[in-house]
2 protein chains.
Amino acid sequence: MRTISSKNATKIKIIYAAIKLFNEHGTGAVSTNRIASEAGISPGNLYYHFKNKEDIIRSILQEMIGEWDKLWLTPKGWEPTLSDMKKIIRLNIELQIKYCFFYRELISLMRIDPELQRIHQQIQKQRFIEQRRVFQQFVEAGHLRLAESDMDSLLTSCWIISNNWLSFLEISGLEIDDSSISKGIGLILSILRPYISSFEWGLLEGS
Amino acid sequence: MRTISSKNATKIKIIYAAIKLFNEHGTGAVSTNRIASEAGISPGNLYYHFKNKEDIIRSILQEMIGEWDKLWLTPKGWEPTLSDMKKIIRLNIELQIKYCFFYRELISLMRIDPELQRIHQQIQKQRFIEQRRVFQQFVEAGHLRLAESDMDSLLTSCWIISNNWLSFLEISGLEIDDSSISKGIGLILSILRPYISSFEWGLLEGS
DNA sequence: ATTTAATTAGAGTATTTACTCTATTTTTTA
DNA sequence: TAAAAAATAGAGTAAATACTCTAATTAAAT
């Protein structure tokens, strides 16, 4: 589990140049030479730091996982409210914007690189378990009223919408901005709506 | 709006070879020469029928749109039941399997080819209107009890889940088979559950 | 039957691109 | 400070690939 330390200045430059170009033009349209050029280094130097293009993409995934962990490790111990959840969903969507090429091309990338697939699937499983835990907390705190048997399907629905809201906007040709992100969060909450008491819902509207 | 007539035998061969290879390896990894070879023709011949690779992909989209139209134009006039909807969702998912590369790479493909983007966004808009109409019918028939104001968000949720269920399975490393498809349909129905009367729900379980 | 048009084959090319190799500079270590 | 190691530059290469061009064949039209 090697993360990018602050000593690897060049490595960071490469990764961020790659993220920028990948987001703008897609992984297929961006050559390693172009990444090197964007990072202000030579192609040879790029290959000193990374074995190949796939290696760069894998490192970006690790970077993304790192940021994602920061997001979900914080709400440990304390009791979360529904408006906390709104914040988490928003941060999650903002991460999707930062690494949008990854979300766009995920399946293709995983098919090309089985190692990437392995890593991502493992993380995905972990994520799901963590989110289930948070959901459970909501139920226990009385914010959500639903049977144990309904939890997984509700969580899965929220998960799918949360992770595909930006794609939906993009495919539909809609703007991605603060208001459209809020709309996505509202969509997820509207699915939970039948399981939230009117009182709690009123509080939520205000936040 | 040029469709593939039965006279264009070669064109059809090329398109189906392309679909097969694209589904297996992704558009990026499949060269035009390989498509020609798979179709059993020469590269020159391929370029006689198609201007370039993008042209092939656009033709595949048209083919897909044609099949999709067949799916949704039939339920016109008669009053649909919820179990009819189950069938439509299933057929829709089966189309996603047939053209899976398209669903996987949609955003990337649209970014590379603005013309493809234009066509797809136009169709997407139409599709949404049609599905809204069907939804409306369900409400009017008394199968669904929901306010006009909730309709769009519920429809959007169903849309997103329906169009991303296979991706979800694939990303999670789960098998795509009859039972997992049924699970996806069940997921969509579970979102509608709070708006369906117990009686209707009972009928649905049976079908 | 003959001309014209449509279709196909297949060799060929210009370009792109992932990646290598070596020489040079910078940094670290002893 | 000298030697060793790490980092960087930049030219270069082999392979892939999208697409072209011409010649040959088949089908259609008159």
Side-chain angles (χ1 to χ4, degrees), chain A residues 2-61 101 105 108-109 111-116, chain B residues 2-61 101 105 108-109 111-116:
Chain A
R2 167 179 43 100
T3 48
I4 314 292
S5 84
S6 57
K7 282 185 183 176
N8 286 320
T10 309
K11 223 164 173 174
I12 293 175
K13 269 197 291 182
I14 294 169
I15 284 186
Y16 279 85
I19 292 172
K20 188 190 163 201
L21 294 176
F22 287 164
N23 281 344
E24 280 169 6
H25 310 102
T27 54
V30 174
S31 68
T32 50
N33 286 19
R34 198 159 157 210
I35 295 171
S37 160
E38 173 77 28
I41 60 161
S42 64
N45 195 8
L46 186 146
Y47 278 91
Y48 174 77
H49 287 283
F50 294 95
K51 216 178 90 232
N52 51 33
K53 210 174 165 183
E54 286 181 357
D55 192 19
I56 297 176
I57 294 172
R58 275 185 222 142
S59 292
I60 294 177
L61 173 60
F101 86 91
E105 304 179 34
S108 305
L109 293 174
R111 285 172 72 86
I112 291 168
D113 180 4
E115 175 63 10
L116 193 85
Chain B
R2 169 177 43 101
T3 48
I4 314 293
S5 84
S6 56
K7 284 185 182 177
N8 287 320
T10 310
K11 223 163 174 174
I12 293 176
K13 269 197 291 181
I14 294 169
I15 284 184
Y16 280 85
I19 292 172
K20 188 190 163 202
L21 294 176
F22 287 164
N23 281 343
E24 280 170 7
H25 309 102
T27 54
V30 175
S31 69
T32 50
N33 286 18
R34 198 158 156 213
I35 295 171
S37 160
E38 173 77 28
I41 59 160
S42 64
N45 196 7
L46 186 145
Y47 278 92
Y48 173 78
H49 287 282
F50 294 95
K51 218 178 88 231
N52 50 34
K53 210 174 166 183
E54 288 181 356
D55 192 18
I56 298 175
I57 293 172
R58 273 183 223 144
S59 292
I60 295 177
L61 174 59
F101 86 92
E105 304 179 33
S108 305
L109 293 174
R111 287 171 70 86
I112 290 167
D113 180 3
E115 174 65 8
L116 193 86

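From a predicted model like this one, the values you see are computed outputs, not experimental measurements. Chain A is the first sequence line, chain B the second, and so forth, proteins listed ahead of strands; every chain is numbered from 1.
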Whole-Å distance between [N] [atom2] and [X] [atom1]?
| X | N | atom1 | atom2 | result |
| --- | --- | --- | --- | --- |
| B:Phe50 | D:dT20 | CZ | P | 15 Å |
| B:Ile35 | D:dT17 | CD1 | C1' | 12 Å |
| B:Lys51 | D:dA18 | NZ | P | 15 Å |
| A:Leu46 | C:dC21 | CG | C1' | 16 Å |
| A:Ile56 | C:dT17 | CD1 | C1' | 13 Å |
| A:His25 | C:dT17 | NE2 | P | 12 Å |
| B:Ile41 | D:dT25 | CD1 | P | 19 Å |
| B:Asn8 | C:dT8 | CG | C1' | 14 Å |

> Which pair of non-hydrogen atoms, one from B:Lys53 and one from B:Gly28, has the smallest distance, and what is that distance?
Replying inline: NZ-O, 4.3 Å
Counting only side-chain heavy atoms from C-beta out, which of [options] sits nearest to [X]?
| X | options | result |
| --- | --- | --- |
| A:Pro43 | D:dA9, C:dA9, D:dG10 | D:dG10 |
| A:Ser31 | C:dA18, D:dT8, D:dA18 | C:dA18 |
| A:Tyr47 | C:dG10, D:dC19, C:dT20 | C:dT20 |
| A:Asn33 | D:dA18, C:dC19, D:dG10 | C:dC19 |
| A:Tyr48 | D:dA7, D:dA18, C:dA9 | D:dA7 |

So does [X] get a side-chain nitrogen or oxygen closer than 4.0 Å to the phosphate oxygens (OP1/OP2) of [N]?
| X | N | answer |
| --- | --- | --- |
| A:His49 | D:dA6 | no |
| B:Ser42 | C:dG10 | no |
| B:Asn45 | C:dA9 | yes |
| A:Thr32 | C:dA18 | yes |

>> I'd like to know if the side chain of A:Glu54 reaches the main chain of A:Asp113, judged simply by a donor and an acceptor atom lying under 3.5 Å from each other, with no hydrogens or angles considered.
In response: no
> Taking the side chain from A:Ser37 and the backbone from A:Asn33, do they hold a donor-acceptor pair closer than 3.5 Å?
Replying inline: no
> Charged N to carboxylate O below 4.0 Å: is that the case for B:Arg34 and B:Glu38?
Replying inline: no
>> When you compare the side chain of B:Phe22 with that of B:Ile60, does any pair of heavy atoms fall below 4.5 Å?
In response: yes
